[in-house]
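Below you'll find the structure, written out as structure tokens, and then a few comments.
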Amino acid sequence: FPVTIGKCSILWTEKKYKDFIIETEFLMGDGVVDSGIFLRSENDQIQIGISGSLKRDLTASPYIPKKGYPVEAKVKDILKLKDWNTMKVKVVGKSYTVWLNGIEVMNYTSEKMVDEGPVGLQLHPGNEMSISYRNIRLAEL
């Protein structure tokens, strides 16, 4: 069954993780979708949908508060706007890799990333939107 996140919230794991892989399917719904996957804290996020600051789709790109988007994933011909997408994120140490629909689209090393923490699914505050997640899988490495 799809997971629906409530208005302006983050769905966090109870467990803290060091090195891990998270894979999930997501379907962007109505409105200006601005969601993402938090990696060990709110400092490192993989964007899903429209960046609130840049006003364009930055799906699979890392967002770092006060730093913005240090690299941009190339997903234009991969992202399905009206269908289910699969995103996989592998986190090892301070580096992470993202695959969208089976294609590697981004690598990044975050100098200030914490060594351990929960994983979260975000629904950004201030937007009227919807997003669904299903088949969420998370494994320690």
Side-chain angles (χ1 to χ4, degrees), residues 1-81 83-141:
F1 293 92
V3 173
T4 301
I5 301 175
K7 188 174 185 178
C8 305
S9 61
I10 302 170
L11 179 66
W12 288 105
T13 60
E14 291 181 4
K15 183 176 178 168
K16 293 181 178 180
Y17 294 87
K18 290 184 181 180
D19 296 343
F20 63 91
I21 293 178
I22 181 168
E23 184 174 79
T24 185
E25 293 175 73
F26 66 90
L27 174 65
M28 292 191 241
D30 297 328
V32 178
V33 175
D34 186 350
S35 184
I37 301 172
F38 282 116
L39 310 174
R40 300 189 195 136
S41 74
E42 288 187 50
N43 188 60
D44 286 86
Q45 176 193 2
I46 302 301
Q47 176 75 24
I48 297 175
I50 305 296
S51 158
S53 57
L54 298 180
K55 309 293 186 220
R56 58 189 168 90
D57 196 301
L58 285 164
T59 295
S61 299
Y63 175 76
I64 313 290
K66 298 182 182 170
K67 195 170 186 176
Y69 296 89
V71 297
E72 290 188 27
K74 305 297 182 207
V75 301
K76 183 180 177 188
D77 296 327
I78 304 166
L79 181 65
K80 299 178 273 187
L81 297 175
D83 200 356
W84 288 95
N85 292 276
T86 300
M87 179 178 283
K88 179 168 74 171
V89 182
K90 179 180 179 182
V91 179
V92 177
K94 296 186 180 306
S95 297
Y96 38 89
T97 304
V98 179
W99 292 262
L100 183 64
N101 297 325
I103 299 170
E104 186 175 321
V105 294
M106 193 278 301
N107 289 287
Y108 183 67
T109 300
S110 176
E111 304 94 26
K112 296 185 180 180
M113 185 176 204
V114 297
D115 294 331
E116 182 179 46
V119 179
L121 299 178
Q122 178 214 36
L123 188 64
H124 199 285
N127 288 359
E128 291 293 324
M129 65 171 159
S130 65
I131 186 169
S132 295
Y133 290 90
R134 70 181 184 190
N135 299 323
I136 302 167
R137 294 173 294 285
L138 180 58
E140 291 182 277
L141 298 175

Starting at [atom1] of [X], measure out to [atom2] of [Y] and round the result to the nearest 0.5 Å.
X: Leu138; Y: Ile21; atom1: CG; atom2: CD1; answer: 9.5 Å
X: Glu116; Y: Ser41; atom1: CD; atom2: OG; answer: 12.0 Å
X: Ile46; Y: Ile22; atom1: CD1; atom2: CD1; answer: 10.5 Å
X: Glu25; Y: Asn101; atom1: CD; atom2: CG; answer: 9.0 Å
X: Glu72; Y: Gln47; atom1: CD; atom2: CD; answer: 11.0 Å
X: Phe20; Y: Leu39; atom1: CZ; atom2: CG; answer: 5.0 Å

What's the shortest heavy-atom distance between [X] and [Y], and which atoms?
X: Ser95; Y: Thr109; answer: OG-OG1, 2.7 Å
X: Pro62; Y: Tyr69; answer: O-CD2, 3.2 Å
X: Lys90; Y: Val92; answer: CE-CG2, 3.8 Å
X: Asp44; Y: Ser110; answer: OD2-OG, 2.7 Å
X: Asn107; Y: Glu104; answer: ND2-OE2, 2.8 Å

Just wondering, do [Y] and [X] contact through their side chains at under 4.5 Å, heavy atoms?
X: Ser61; Y: Val71; value: no
X: Thr97; Y: Lys88; value: no
X: Pro65; Y: Glu42; value: no
X: Leu79; Y: Leu100; value: yes
X: Ile37; Y: Leu121; value: yes

More than 12 non-hydrogen atoms from neighbouring residues, nucleotides or ligands closer than 6.0 Å to NZ on Lys94, yes or no?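 Yes - once you tally the heavy atoms of other residues, nucleotides and ligands closer than 6.0 Å, there are more than 12.
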Taking CG in Asp30 as the centre, count heavy atoms belonging to other residues, nucleotides or ligands within less than 6.0 Å. Is the count above 12?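 No.
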Please determine whether side-chain contact (heavy atoms from CB on, under 4.5 Å) holds for the pair Ser132 and Trp84, giving the CA-CA distance in whole Å, both sets of side-chain angles, and the decisive distance to 0.1 Å. CA-CA 9 Å; Ser132 295; Trp84 288 95; 3.7 Å; yes
Is it the case that the side chain of [X] and the backbone of [Y] share a donor-acceptor pair, with hydrogens and angles ignored and the cut-off at 3.5 Å?
X: Asn85; Y: Asp83; answer: yes
X: Thr13; Y: Val119; answer: yes
X: Thr59; Y: Gly49; answer: yes
X: Asp34; Y: Ser51; answer: no

Test side-chain contact (heavy atoms from CB on, under 4.5 Å) applied to Asp57 and Met28, step by step: CA-CA 12 Å; Asp57 196 301; Met28 292 191 241; 4.1 Å; yes
Hey, could you give me each pair passing salt bridge (Lys or Arg N to Asp or Glu O under 4.0 Å) that has a residue in residues 10-22? Not counting sequence neighbours.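 Residue pairs passing salt bridge (Lys or Arg N to Asp or Glu O under 4.0 Å), neighbours aside: Lys15-Glu140, Asp19-Arg40.
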Once the angle between the rings of Phe38 and Trp12 is folded into 0 to 90°, is it parallel (under 30°), tilted (30 to 60°) or perpendicular (over 60°)?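 Parallel, since the angle between the ring planes stays under 30°.
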Please assess Tyr108 against Ile64 for the test side-chain contact (heavy atoms from CB on, under 4.5 Å), listing each intermediate value before the final yes or no. CA-CA 11 Å; Tyr108 183 67; Ile64 313 290; 4.2 Å; yes
Phe26 vs Ser35, side-chain contact (heavy atoms from CB on, under 4.5 Å): CA-CA, chis, key distance, verdict: CA-CA 10 Å; Phe26 66 90; Ser35 184; over 6 Å; no
